[in-house]
Protein chains: 2
Amino acid sequence: MMDENAAREAVVRAADELFYARGVQAVGMDAVRTAAGVSLKRIYSLFASKDELIVAVLHHRTGVWDSGLASASERATTARERILAIFDFLDAWFREPDFRGCAFINTHGELGASSTAVADAVREQKRTFQQYVAQLVADAGAPPALAPQLAILAEGAQTTAAIAGTPDAAHHARAAAETLLDAAVPARPAAVVGS
Amino acid sequence: MMDENAAREAVVRAADELFYARGVQAVGMDAVRTAAGVSLKRIYSLFASKDELIVAVLHHRTGVWDSGLASASERATTARERILAIFDFLDAWFREPDFRGCAFINTHGELGASSTAVADAVREQKRTFQQYVAQLVADAGAPPALAPQLAILAEGAQTTAAIAGTPDAAHHARAAAETLLDAAVPARPAAVVGS
DNA sequence: TTGCGCGGAGAACGTTCGTTCTCTACTGTA
DNA sequence: TACAGTAGAGAACGAACGTTCTCCGCGCAA
């Protein structure tokens with residue numbers, strides 16, 4: 001039998017995929033059971049309710065997003081490059097065949113009005129991303145006001161790509177980010193990250 | 001008794017408010033009936049199904065959005081001012097107490113995966129907005145590539161404001177739009193709209 | 001007045017879903 | 001072998017929902 005951690009992870013991963021592909025409310029716990037290979041009894045011993053599972057899925061997605069972003073910026077050496085790497089990361093994501101927009105935005109639109117736990121988890125993820133951008137902006141020597149502008153570009157690219165069904169928005173957002181960076185950063189070599 | 005058009009409008013308006021406030025799937029047809037003051041029998045004689053009502057609500061919202069945007073840009077005399085008026089319009093909207101993000105984005109996240117009619121209606125609305133922006137960009141004498149960048153800013157501001165629960169994003173997006181405009185438009189007086 | 005058709009109120013129906021319960025099989029121990 | 005405990009499969013339960021149906025009252029034509 002699976003130990004508790006393995007069962008927990010199997011359930012969260014299966015629920016994540018199903019929720020993302022079809023929407024949370026369109027997926028029954030039976031479908032999660034089948035996909036995860038974990039009995040309903042066990043699922044309900046690991047999570048008190050579907051709501052709790054939803055929050056666990058959002059936390060799991062936060063980790064996936066953070067590590068994806070981190071690995072996408074690994075090759076970048078300057079803060080400016082790291083900022084632009086965000087949009088390259090988005091571009092690659094938008095091209096995945098099962099891309100269906102940002103799971104946090106989707107889930108917030110679906111359940112944010114009725115579940116404060118969901119709204120909180122989504123808000124927390126976005127706040128973390130904004131802080132990540134703010135750090136890069138500071139590293140680049142740009143004024144702090146640039147950070148929310150870049151974050152808004154990233155958010156807008158995600159919804160635009162999801163609705164249009166094309167990855168173009170990543171390219172447009174990246175071009176806008178470059179313009180904003182050029183306008184914000186004093187005209188001298190960008191600072192190296194961490195310097 | 002209400003004539004057909006009045007009943008239709010009462011149902012669509014009531015459904016619009018309820019769907020926007022709570023999410024589509026969280027609202028039963030009984031609640032629409034009560035809010036609209038139109039019997040279920042009548043509702044189903046006007047709309048073949050809830051899906052059809054949802055699409056009608058989205059079309060109604062498109063009209064509301066378009067006219068709101070048009071009246072917000074009435075006082076603007078130049079294309080640049082009209083572009084920035086978009087973000088002032090967003091700012092005013094974000095400050096409304098019952099603001100809960102863009103209904104199109106929310107509905108797409110909730111039902112876009114299962115209903116192509118919903119996905120189509122949402123895509124159509126976004127396409128119309130992008131064309132509106134593209135026209136203003138052309139009027140301003142800026143290169144066409146600026147238009148999708150401004151549209152992405154507007155989309156990102158809507159989701160950011162909805163999730164954060166604050167109207168700040170409108171201000172940030174407006175500032176970014178100004179920077180992009182300054183960088184894109186040749187340094188001479190902007191053309192007057194329609195000239 | 002009588003009959004007719006339309007529409008309102010809401011009960012009813014069938015389905016789906018979240019959650020719990022029952023039954024059975026299996027594992028490890030004495 | 002007998003037994004206790006655990007977990008899986010899925011039936012069962014109660015609620016909610018989309019949709020339809022029934023019953024009743026009203027307005028109107030003759």
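Chain letters run A, B, ... following the sequence lines, proteins first and then strands; every chain starts at 1. Note that the structure is a prediction, hence the values are computed from the model and not measured.
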Could you state the [atom1]-[atom2] distance from [X] to [N], rounded to the nearest angstrom?
X        : N       : atom1 : atom2 : result
Ile43(A) : dT19(C) : CD1   : P     : 11 Å
Leu46(A) : dT20(C) : CG    : C1'   : 16 Å
Leu18(A) : dC17(C) : CG    : C1'   : 15 Å
Arg42(A) : dT19(C) : CZ    : C1'   : 18 Å
Tyr44(B) : dG7(C)  : OH    : P     : 18 Å
Glu52(B) : dG18(D) : CD    : P     : 15 Å
Leu40(B) : dC23(D) : CG    : P     : 18 Å
Leu53(A) : dG18(C) : CG    : C1'   : 12 Å

**Report entry** Side-chain H-bond candidate by donor/acceptor type, Glu81(B) with Thr77(B), under 3.5 Å
**Finding:**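 There is such a pair (donor and acceptor under 3.5 Å, judged by atom type) between the side chains of Glu81(B) and Thr77(B).
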
Query raised in the report: Looking only at side chains, do Gln135(B) and Asp139(B) share a donor and an acceptor under 3.5 Å apart?
Result: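 Yes, Asp139(B) and Gln135(B) have a side-chain donor paired with an acceptor closer than 3.5 Å.
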
Requested in this report: When you get a sec, tell me which of dG18(D), dG18(C), dG8(C) is the closest nucleotide to the side chain of Met29(B)?
Outcome: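 Looking only at heavy atoms from C-beta outward on Met29(B), the closest nucleotide is dG18(D).
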
**Report entry** Nucleotide nearest Ser49(A) (side chain, heavy atoms from C-beta), chosen from dT19(D), dG8(C), dT19(C)
**Finding:**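 Nearest listed nucleotide: dT19(C).
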
Query raised in the report: What nucleic acid atoms does Val32(A) come within less than 4.0 Å of, heavy atoms only: base, sugar-phosphate, or nothing?
Result: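 The residue Val32(A) makes no contact with any strand.
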
Report task. Have a look at Ser45(B) and say if it touches a base, only the backbone sugar-phosphate, or nothing, with a 4.0 Å heavy-atom cut-off. Result ->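 If one applies the 4.0 Å heavy-atom cut-off, Ser45(B) turns out to touch nothing in the nucleic acid.
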
Query raised in the report: Has Arg33(B) got a side-chain N or O lying under 4.0 Å from the OP1 or OP2 atom of dA9(C)?
Result: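 No, no such contact exists.
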
Query raised in the report: Can you tell me if the side-chain N/O atoms of Lys41(B) get under 4.0 Å from OP1 or OP2 in dG7(C)?
Result: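 Negative; the distance criterion is not met.
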
Query raised in the report: How many angstroms lie between CG in Leu53(B) and CZ in Arg8(B), if you round to the nearest 0.5 Å?
Result: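 One finds 9.0 Å between CG of Leu53(B) and CZ of Arg8(B).
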
Query raised in the report: What orientation do Phe99(B) and Phe94(B) show, parallel under 30°, tilted 30 to 60°, or perpendicular over 60°?
Result: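 Rings of Phe99(B) and Phe94(B): tilted, as their planes differ by 30° to 60°.
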
Query raised in the report: Ring centroid separation for Phe89(A) and Trp65(A), is it under 6.0 angstrom?
Result: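 Aromatic pair counts; centres sit under 6.0 Å.
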
